[in-house]
Amino acid sequence: MSSKDTEMKKGDKKDRLVAVIMAVGTLGDNFYPATEDTPLALLPVVNNPLIFYSIEWLRRNKVDETIIYCNQKDAEDITEYCEKWSSGNGDRMKLTVIGSDPSSSLGDALRDLYNKSLLKNDFILLNGFVVGNINLHKVLRRHKASVEEDPNCIMTCLYQKRIGLPGIKPRNLDNVRIAHILVNSVTSKILDHYQPVKPAKQRLPSRLFCSSPTVRIWPVEDTNLLICSEKVPVLCLGNLDYDTRDSIIQSVLHYELDLKYYLKAYIAKKGFMLQISSFRALEELSKLLVKRLLFPLVPERNLLTGRIWYKYDEAHSIYYAESAIFYKNFIGSENVIGAESEIDKECKMNNTVVGERCIIRGDVTISDSFLMDDVTIGNGCVVKNCFLGNNVKLFPGVNLDYGVIMGPNTKLGPSVKVYPYRRLVCRPPEVECKKEEFFMPFIPGSKGQAFEVTVDDGIKPQKDLDGFGFEDLKWGEYPQVRECLPIITDNKFDDIEELEPHLALDFSSDEDKEKEFGKKVMDTLSSAYKDGSSLRPIILELHSSFHTYDISEENVLRVMVKTILHVVEKAEADRGSEVVVNKLMQRVGKGLLYFEDFIRKYVKNLKHQIIILNLLEELAEEEPQYITIMQDIIHQLNQELEILDDEVIIYWYKNGGHKTSKFPIIAKKIKKLVEWLEDVSEEEDNIE
């Protein structure tokens, strides 16, 4: 039998293991201009292309084929490197590169791969550039057993315990996704999954604990790795809203109840995973490799050829090519020096990676930096926490403060100081737009050639996070970090004092469009209630239609809740049933209970809770009969459905609500409920 036939036989096996690396999108903007002439996938990390750390790790886990889904403009370069890897590593693993539009989402990619018949069985999904040394064999076996036991288990999410590593900056910065998961400790079924933004209390529905008394809350690190069944791309095929990994997870957890799909969690106790989404993570990965904490991934091995290309001086913790010229006893520690690079004796360098053919002359200080190939640095320069692209030249006396990123072919000096976080390119970007939006005046020195570029990389300043670092920080910023997180946190519950601007929230929109949308919602929901049909297709239908009507999210919530309060009355009237006035709360309660999950989908933060309370106040003014049952409605939304928080109701009440003429009457009706909520809150505070 020919080798080709053998390969085909192997490819037809049911247990053929496929991995997908999602390298598509605009993540490279976070690294611009370092990625100006190099795709992010091929950006050197300890002088090996970034993506090949993921590829090597997958190969060691005996993956049969890895699909790299990347931007079309990068596909040719990545394919060339993949061919080099295949020639150096034999046929141990097949590499397939697929180019796509940069705007493609994760859902688009899965739909595309499914239509190309590339995802026929279970597969590993890496959302971005994930590097680590966790052994996947156990989690794969666990996932396979779960699917065989119950085909409705469509995904296993891999997490790792929050760990610290010696000599590495604390890991609750922007290179880590902290997650909190509610898990049935017996079955490992995930009941809820969320990422906190700042330390606060998380309000969890009591039904989760009632339905599963063995629930456990885990604060973990999210590895961005999923083991998926073949049902996941099919799910994306039928829903264009599934654009991100989190949207898929949340939809399965909360909105796929009628399909009975569910997820399982696997928390790795050994090994380490890190997603490379910023220079912080790139720096950490370099240090982990240099400190040999990701063994068997070590700096001395060339991942493309599979051969040893660096020597290792254990005494000074230096990796170097034989052709490099430097002085071990003077240079410093934890450095990597590429082939044909020359470093003078006076140079002081620590925690730095130097590419090939770099020249460093005289008394130079370099720390925590990356130098790509053909970089030249003159006497008296200071470089800290910086990235220097290919062919960068620093003339004598240049001082680069932390966080500076220099694109390829830029030149500075002599005697120039560059302040923190600047991004420099060798020529202005060729774009048809106002120049001041892309680059600013910059004095590069008499021999310099550089322009300062402004890039919207999504980095926002820290606000009230007390060093927890859940938002991205600029490279070089290291705030004081707390040792641990509160056991339960949430991004839904904001500061209660931030509610005041929303108490008098007015809603402006096209009234005709809103009435037309309201009529559609009423017809759809009343039909669903009468027929007892599934809510999932209704949610999807209305979600797409409010975009058509061009209505804001706030107005959508108002229309939805107002309709739900009336939907049972409408359904009973359509059936010809007699509408009894004294049974108003009974009808309203039925509607709220039936469409509980529907309301919960649109109530995402405190502002949305205030919108509901304001709506109830407006409704009392329009239909006075609702005043008599106002306390019962708020009680059901608070105590039974847990949609309105105690603090929100108390705050809304004490601040005069929506300031309508009916609020004083409503306040009298709900006074006892509010007093009871205050007493409960005081008791909870005393217990704490």
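- Taking all atoms of both residues into account, the shortest heavy-atom contact from Val183 to Ala265 is CG2-CB, 4.2 Å.
- Put simply, OG1 on Thr156 and CD1 on Ile124 are 11.0 Å apart, with the number rounded to the nearest 0.5 Å.
- Considering only heavy atoms from C-beta on, Cys157 stays 4.5 Å or farther from Tyr266 through its side chain.
- In plain terms, the two heavy atoms of Met155 and Cys228 that are nearest each other are CG-SG, 4.3 Å.
- For the pairing with Leu565, the side chain to side chain contact (heavy atoms under 4.5 Å, CB included) check across Leu619, Ile629, Leu584 returns one residue only, Leu619.
- Looking only at distances, no side-chain donor or acceptor of Asp645 sits under 3.5 Å from a matching main-chain atom of Glu647.
- Of the possible donor and acceptor atoms, one in the side chain of Asn655 sits under 3.5 Å from a partner among the backbone N and O of Tyr651.
- We find the CG-CG distance between Leu119 and Asp112 to be 9.5 Å, quoted to the nearest 0.5 Å.
- With 3.5 Å as the limit, one finds a donor-acceptor pair spanning the side chains of Glu623 and His566.
- Residues Ser188 and Arg142 share a closest heavy-atom pair of OG-NH1, 4.4 Å.
- Annotation: Lys562, atom NZ; neighbour count of heavy atoms from other residues, nucleotides and ligands within 6.0 Å does not exceed 12.
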I would like to know whether Tyr594 and Leu525 meet side-chain contact (heavy atoms from CB on, under 4.5 Å); could you show each step before the answer? CA-CA 10 Å; Tyr594 190 85; Leu525 296 189; over 6 Å; no
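- For the side chain to side chain contact (heavy atoms under 4.5 Å, CB included) criterion with Leu158, the lone passing option out of Leu226, Leu136, Asn224 is Leu136.
- Side-chain contact between Lys138 and Arg141: present, with at least one pair of heavy atoms (C-beta onward) separated by less than 4.5 Å.
- In this structure Phe663 satisfies the ring pair (Phe, Tyr, Trp, His ring centres under 6.0 Å) test together with Trp652, sequence neighbours excluded.
- Side-chain atoms of Gln636 do not come within 3.5 Å of backbone N or O of Leu592 as any donor-acceptor pair.
- Two residues are said to be in side-chain contact when any heavy atoms from C-beta on lie closer than 4.5 Å; Leu673 and Tyr653 fail this criterion.
- Between Leu225 and Met273, the shortest heavy-atom contact is CD1-CE, 4.1 Å.
- Remark: the backbone N or O of Asn614 is not paired with any side-chain donor or acceptor of Arg558 at under 3.5 angstrom.
- Remark: Arg111 engages Asp108 in a salt bridge, criterion side-chain N to carboxylate O under 4.0 Å.
- Between the CD1 atom of Ile564 and the OH atom of Tyr529 there is a distance of 12.5 Å, given to the nearest 0.5 Å.
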Could you go through the side-chain contact (heavy atoms from CB on, under 4.5 Å) check for Asn638 and Leu677 one step at a time? CA-CA 10 Å; Asn638 170 249; Leu677 292 176; 3.5 Å; yes
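- Contact of the Leu106 side chain with the Ile248 side chain is registered, since non-hydrogen atoms from C-beta on lie closer than 4.5 Å.
- The line from CE of Met560 to CZ of Phe595 is 10.5 Å long, rounded to the nearest 0.5 Å.
- At a cut-off of 3.5 Å, with distance as the only test, no side-chain donor of Thr660 or Glu618 sits close to an acceptor on the other residue.
- Counting only heavy atoms from C-beta outward, the side chains of Thr187 and Tyr262 never approach each other to under 4.5 Å.
- The side-chain heavy atoms of Asp122 and Glu230, taken from C-beta on, include a pair separated by under 4.5 Å.
- Of all heavy-atom pairs between Gln160 and Ile267, the closest is C-CG2, 4.3 Å.
- Residue Lys654 holds its NZ atom at 13.0 Å from CD1 of Ile649, rounded to the nearest 0.5 Å.
- Between Gly591 and Val568 the shortest heavy-atom distance is N-CG2, 3.4 Å.
- Taking the side chain as every heavy atom from C-beta outward, Val234 and Tyr114 approach each other to under 4.5 Å.
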side-chain contact (heavy atoms from CB on, under 4.5 Å), that's the test. Do Lys671 and Lys668 meet it? Break it down for me. CA-CA 5 Å; Lys671 182 180 178 181; Lys668 288 181 182 179; 5.7 Å; no
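- Separating the NE2 atom in His608 from the CD1 atom in Ile610 is a distance of 11.5 Å, to the nearest 0.5 Å.
- Partner of Gln639 under the side chain to side chain contact (heavy atoms under 4.5 Å, CB included) criterion, out of Asp646, Leu644, Ile634: Asp646 alone.
- Side-chain N or O atoms of Gln609 include none that pairs as donor or acceptor with a backbone N or O of Val603 at under 3.5 Å.
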